[in-house]
Structures are given as structure tokens and as C-alpha cells.
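Contents: one structure, followed by commentary.
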Protein chains: 2
Amino acid sequence: MNGMKRPHPSPLDRRSGIPLYRQIQQRLLEQIQSGELRQGEPLPSIQRIAALMGVSQMTVRQAVKSLCDLGVIYSRQGKGTFISGIKMERDFRQVLSFTEEMKVRGATPHSEVLSFQIQMPNQETREALGLGDKDKVFCLRRVRYADSLPMGVETSCLPVHLCPNLMETYDPATSLYEELAEQYGIQVTVTDEVIEVGKASAEEARLLQIVPKSPIFLFTRVSYLENGMPAEHVKSSYQGDRYRVVNRLMRAKRELAISS
Amino acid sequence: MNGMKRPHPSPLDRRSGIPLYRQIQQRLLEQIQSGELRQGEPLPSIQRIAALMGVSQMTVRQAVKSLCDLGVIYSRQGKGTFISGIKMERDFRQVLSFTEEMKVRGATPHSEVLSFQIQMPNQETREALGLGDKDKVFCLRRVRYADSLPMGVETSCLPVHLCPNLMETYDPATSLYEELAEQYGIQVTVTDEVIEVGKASAEEARLLQIVPKSPIFLFTRVSYLENGMPAEHVKSSYQGDRYRVVNRLMRAKRELAISS
DNA sequence: TAGTGGTCTAGACCACGGC
DNA sequence: CCGTGGTCTAGACCACTAC
């Protein structure tokens with residue numbers, strides 16, 4: 001099935017319910033990742049793909065555009081579309097819960113719950129979540145472990161009105177994001193994050209089993225739902241010896257004037 | 001000009017050379033950012049916008065899609081398209097040079113050049129840049145200042161074959177990225193970055209005017225051109241007191257199966 | 001049933017690159 | 001000149017939501 005250029009690939013499935021452009025997208029991606037198409041080489045032209053697949057050019061463009069956005073190919077007007085050779089890694093950071101992040105890294109996560117209660121938010125949390133004077137929050141403080149090694153201390157606050165029965169239904173040793181998705185249909189889509197460095201306090205050192213004043217990461221995160229509502233405010237300390245942050249930064253396609 | 005809903009907006013300019021979908025995109029964005037449309041409110045339907053603007057639905061969809069990708073609006077099949085309320089900030093991290101980053105933050109950057117020479121790369125750099133045994137690199141070591149305060153020490157290596165005349169044409173106290181863009185037409189589009197924490201060495205402490213063993217950021221970056229060619233390997237140390245990292249993470253639209 | 005967004009078509013014209 | 005990608009049209013049908 002692999003390796004040979006097929007002048008007549010198996011036809012697309014028009015009854016599968018999967019949009020044609022997704023099927024095309026998927027095929028192109030497989031050809032790229034399998035090495036059938038190599039870095040710098042051109043894709044067949046859009047016209048050619050359209051004829052080959054038996055779809056209109058617009059449909060092919062939709063597929064090609066999405067792969068351009070991912071960075072795996074790039075188009076040059078008048079020349080063609082080329083394989084970028086930029087790899088799609090799995091481990092660049094997305095909006096991920098600790099649980100998801102550790103699984104992606106191949107480690108086994110677990111948590112030790114230090115406290116879990118409903119309380120009044122402090123001012124920083126109230127402002128971050130846009131709460132009123134009387135709004136309360138769930139506050140969950142945990143030590144996070146990867147393969148039984150303590151990685152960080154994390155304090156997470158959520159508005160009570162977002163998930164009113166959390167105290168009854170949620171086992172705080174498990175993944176919070178899974179609970180939110182399954183019980184409340186809540187999906188975090190954006191997280192704003194500030195990373196700073198600091199020294200471990202006596203308490204942090206004890207919980208993380210490191211020497212006091214060791215360098216640590218300090219994270220401050222605010223997560224938002226699709227409609228822009230703030231859903232979670234997190235402050236956490238991760239130890240510097242065992243934790244690292246891996247980012248992929250893309251040059252913004254400055255298509256839009258951003259008026260201050 | 002502002003605040004009133006106009007049933008008949010000024011027509012699009014079909015002769016400007018600016019694509020219609022960009023003009024629509026820009027208008028919608030202005031209406032959102034000006035507060036004319038508020039968080040949670042629906043946009044006019046795509047049919048309505050198309051009729052209003054005198055363009056086809058596909059053109060409107062192209063504009064709407066791009067704003068969805070940015071996260072400022074979101075669409076729900078059968079219901080409509082809504083304002084997310086998620087702000088487009090200017091200061092989330094992109095692929096930015098130190099110079100660009102500081103200007104965005106409103107600070108004045110400058111650099112003290114510690115060394116600038118052609119040399120053999122160490123093994124880490126050779127591997128990061130995919131170089132052969134005989135390939136040499138430009139190596140530029142600088143202290144970076146913001147408003148005359150030392151922020152970090154940065155060592156940047158570039159393959160000689162990428163920009164062969166750099167030693168002659170480039171003033172190493174200025175922006176490297178600007179030089180690459182202007183003299184060689186080179187554009188960095190992707191940067192992979194690893195962030196770790198550490199303690200300032202004696203030399204770092206001296207250069208950064210901080211006490212030794214202060215917590216610092218350690219960055220390792222590899223930047224790529226659009227065609228996937230590695231262009232730069234950077235190791236840098238930024239002091240923890242004055243530097244912070246601000247990220248916006250988006251939940252990946254897992255439209256694509258990632259094999260392996 | 002009516003309105004919405006999502007997909008798709010079969011063309012068209014343009015701008016650009018290379019020959 | 002031709003082939004390329006980029007934009008655009010005027011429809012079509014579908015799936016979904018709300019009433």
C-alpha cells in the first residue's frame with residue numbers, strides 16, 4: 001500500500017459522513033509523514049489533486065489551507081505547494097491538564113490532595129475570574145506526582161456557579177478537566193499563562209522533597225471557555241530539577257491590524 | 001462613524017487590491033474590538049452579511065473562519081456565530097527577536113557584544129542545526145539590556161552558509177533578525193523552545209549584575225525557516241527577577257490524527 | 001418549518017513565476 | 001506563454017437548532 005505513487009488512488013468515500021476535505025487532508029498528511037513526500041518537494045498542484053480525487057478545486061484548497069496553517073506545507077503563488085519538513089510533534093504544549101500532560105510524556109500521574117473546599121476567593125483570584133464580592137470558589141490544593149516523584153504544588157480555583165455539585169461528585173485525586181468535561185460539558189479552550197522563577201519556600205521544599213531555596217518554576221494560569229468566560233485560576237510551583245517547559249512558537253501571520 | 005448599527009454599511013472596495021474577505025474580516029474585528037458587538041452576542045448570519053456586503057456566502061465564510069481560528073468568535077451549527085470575548089493581546093509570545101519583544105513591551109533594547117566570530121560549532125549546536133563535520137557557524141554572544149537594565153546573556157549560532165557575509169555587513173549591536181530579513185530575505189517562521197530554571201553562575205551574575213546562584217531562566221531555542229531548514233541555535237540565561245514568560249495556549253483542534 | 005452554519009460544485013478571473 | 005496558487009461567484013444540499 002505504501003511507497004508507490006499511485007496515479008489513481010482509491011476514491012474518496014462520499015458516504016462516510018467524513019467531509020471530503022478532511023479525507024484529503026488526512027491522505028496528504030499520511031504521505032508526508034510516511035516519507036513518501038520529502039522535505040522541499042512539491043505537492044501535486046491543486047488542479048491535479050482535484051482531478052485525481054474527483055473533487056472541485058475549492059475542496060482541495062480547503063485541505064491544503066489547513067495543512068499550511070499547521071506548518072507542515074507552505075504555498076508559493078505561481079510556484080506550487082511544498083513540504084516544509086517541520087515536524088508535527090505531539091509534545092508541544094497545548095491547553096493540557098497535568099494529567100493529560102504527564103500521559104503525553106509517558107509518565108503516570110497521581111495527586112495528593114492537600115485541601116478541597118468552598119471558600120471566598122482572594123482578590124487576585126476574584127479579579128482573574130471576574131467574580132462579584134459574594135461569589136465563592138472551589139479551591140483545590142494538590143501535590144502533583146509523576147511516576148511517584150513530586151513535581152509541583154498546585155492551587156486551583158473555580159467559580160462555584162460553574163460546577164455547583166463539584167464537592168459531591170468529584171474525586172479530587174482524579175483529573176479535574178475530565179470531570180468538568182464529563183459532568184458539566186465544560187471545555188477549556190484558552191489558557192493564559194505567566195511563568196516566573198523563584199526559590200522554594202520551606203513548605204514547598206518539604207512537599208516537593210527538595211532543599212529550601214532551590215530554583216522553582218512559578219506558574220500563574222487563567223483558563224477560559226470558548227465563550228470567553230474565565231473558568232479557572234491556578235497558581236503553582238514546579239520544581240526546577242525535574243520540570244521543563246517545551247514550546248513551539250509560530251511567527252504570527254500578521255493578516256490583521258491589531259488596533260491597540 | 002461609530003456605535004450605530006448600519007443597515008447599509010459603506011460598500012467594500014473591489015479595486016483596492018485588498019481581498020474582499022480581508023476587508024470583511026477587518027470590519028468584523030473592528031466592530032468587535034470597538035464594543036459595538038459584545039461578548040456572547042451573535043454576529044449577523046452569514047447569509048445576512050453576504051447580502052449586506054454584496055458578496056457570496058463563501059467569501060463571508062472565509063472571513064468568519066479566520067476570526068474563529070483567532071478565537072475571537074465561535075460558530076455553532078444551527079445556532080449562529082458568537083463573540084467569544086477572548087481578547088487579542090499584542091504581547092503573547094510569537095517568534096520574536098529580543099529587539100522585537102522589548103519594543104512590544106514598551107522597553108528600549110540594546111546589546112553589549114561579548115564576542116562575534118566564525119567558529120566550529122559544538123556538538124549540541126551541530127546536531128540542532130543539522131550540520132556536517134566541516135560546517136562552521138557564526139557565533140554571537142551578547143548581554144541584552146532593556147532600558148539599560150541587563151536582562152540576559154544570549155549565545156546565538158547560525159550556519160555560515162545561510163548568510164555568508166554576515167561578518168562584513170552586520171553590526172552585532174543591532175537586531176539580528178532585521179539583518180537576516182533585509183540582507184538575505186530570511187524569515188524565521190517557527191521556533192522550538194525549552195525553558196528550564198537554574199542558578200546564576202559567577203560569570204552570569206557579574207554580567208547580569210545579580211548575586212551568584214540567583215534563580216534564572218535557561219532557554220534553549222532552535223529556529224526554522226519556512227522550508228524547515230534550521231537557521232539558529234540559541235542558548236540564553238535570563239535573570240529571574242526582571243524577566244517573565246507570557247504564553248497563550250490554545251486547545252488543539254484535534255482535527256487530524258497524528259500517527260505515531 | 002424556518003433559519004443557521006458546514007460542505008461542495010463548476011466554473012471564473014487574477015497575480016505571480018519560470019520559460 | 002503556461003502552470004501555479006489566490007480569490008470569488010451563485011448556486012446546491014446537508015445537519016443541526018429552535019420553535
Side-chain angles (χ1 to χ4, degrees), chain A residues 11-28 37 40-84 185 226-227 253-256, chain B residues 11-28 37 40-69 71-84 185 226-227 253 255-256:
Chain A
L12 300 172
D13 186 349
R14 296 185 102 97
R15 279 180 248 169
S16 67
I18 300 171
L20 298 178
Y21 77 90
R22 289 237 174 284
Q23 297 182 43
I24 297 168
Q25 196 186 46
Q26 195 63 47
R27 287 195 189 194
L28 292 175
L37 294 166
E41 283 183 7
L43 252 60
S45 77
I46 285 171
Q47 294 176 32
R48 217 177 291 277
I49 296 175
L52 220 61
M53 301 280 203
V55 299
S56 76
Q57 292 189 21
M58 284 294 280
T59 303
V60 177
R61 281 178 204 289
Q62 210 172 341
V64 167
K65 172 71 161 52
S66 67
L67 293 177
C68 283
D69 290 345
L70 279 174
V72 298
I73 61 180
Y74 60 99
S75 293
R76 283 282 159 267
Q77 194 174 70
K79 296 184 72 174
T81 303
F82 304 86
I83 314 297
S84 75
E226 190 171 47
N227 64 8
K253 290 156 187 165
R254 276 276 159 266
E255 314 164 324
L256 296 172
Chain B
L12 300 173
D13 186 349
R14 297 184 101 96
R15 279 180 246 170
S16 67
I18 300 170
L20 298 178
Y21 76 90
R22 289 239 173 284
Q23 296 182 43
I24 297 168
Q25 196 186 46
Q26 195 62 47
R27 287 196 190 193
L28 292 175
L37 294 168
E41 283 183 7
L43 252 59
S45 78
I46 285 170
Q47 293 176 32
R48 217 177 291 276
I49 296 175
L52 222 60
M53 302 279 203
V55 298
S56 77
Q57 292 188 22
M58 284 294 279
T59 302
V60 177
R61 281 179 203 287
Q62 211 172 343
V64 168
K65 173 70 160 52
S66 66
L67 293 176
C68 283
D69 290 345
V72 299
I73 61 179
Y74 61 99
S75 293
R76 283 283 160 266
Q77 194 175 71
K79 297 184 71 173
T81 303
F82 304 87
I83 313 296
S84 75
E226 190 170 46
N227 64 8
K253 289 157 190 168
E255 315 165 324
L256 296 172

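Whole-Å rounding puts the A:R15 CZ to D:dC13 P distance at 19 Å. B:M58 places its CE atom 10 Å from the C1' atom of D:dT9, with the value rounded to the nearest Å. Distance CD (B:Q62) to P (D:dG6): 10 Å, rounded to an integer number of Å. Going from atom CD1 of A:I46 over to atom C1' of D:dT7 covers 12 Å, rounded to whole Å. The interatomic distance linking B:R14 (CZ) with C:dC14 (P) rounds to 13 Å, in whole Å. Per the geometry, CZ belonging to B:R61 stands 9 Å off P belonging to C:dT7, to the nearest Å. A:I49 places its CD1 atom 17 Å from the C1' atom of C:dC8, with the value rounded to the nearest Å. In this structure, OH of A:Y74 is placed 13 Å from P of D:dG6, rounded to the nearest angstrom.
Here the side chain of A:Q47 is nearest to one of D:dT4, D:dT7, C:dT9, namely D:dT4. Closest to the side chain of A:L20, from the set C:dC8, D:dG5, C:dG6, is C:dC8. Out of D:dC8, C:dG17, D:dG3, the shortest distance to the side chain of A:K79 is found at C:dG17. In the set D:dT9, D:dA15, D:dG6, the nucleotide with an atom closest to the side chain of B:V55 is D:dT9.
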* **Full working for side chain to side chain contact (heavy atoms under 4.5 Å, CB included) between B:Q25 and B:R22** => CA-CA 5 Å; B:Q25 196 186 46; B:R22 289 239 173 284; 3.1 Å; yes
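At least one side-chain nitrogen or oxygen of B:R48 sits closer than 4.0 Å to the OP1 or OP2 atom of C:dT4. OP1 and OP2 of C:dG11 both lie 4.0 Å or more from every side-chain N or O belonging to A:S56. Between C:dT7 and A:R22, no contact under 4.0 Å exists linking OP1 or OP2 to a side-chain N or O. A close approach under 4.0 Å does not occur between any side-chain nitrogen or oxygen of B:S45 and OP1 or OP2 of C:dG3. The phosphate of D:dG5 (OP1 or OP2) has no side-chain N or O of A:S75 nearer than 4.0 angstrom.
Under the side-chain contact (heavy atoms from CB on, under 4.5 Å) test applied with B:I24, the options B:T59, B:L67, B:V64 reduce to a single match, B:T59.
Of the residues near DNA chain C, A:Y21 and A:G78, the one whose nearest nucleotide (by heavy atom distance) lies more toward the 5' end is A:Y21.
For the pair B:S84 (side chain) and B:G71 (backbone), a donor-acceptor distance under 3.5 Å is present.
Inter-residue side-chain proximity for A:R27 and A:M53 is flagged as met; some heavy-atom pair is nearer than 4.5 Å. The shortest distance between side-chain heavy atoms of A:D13 and A:I18 does not fall below 4.5 Å.
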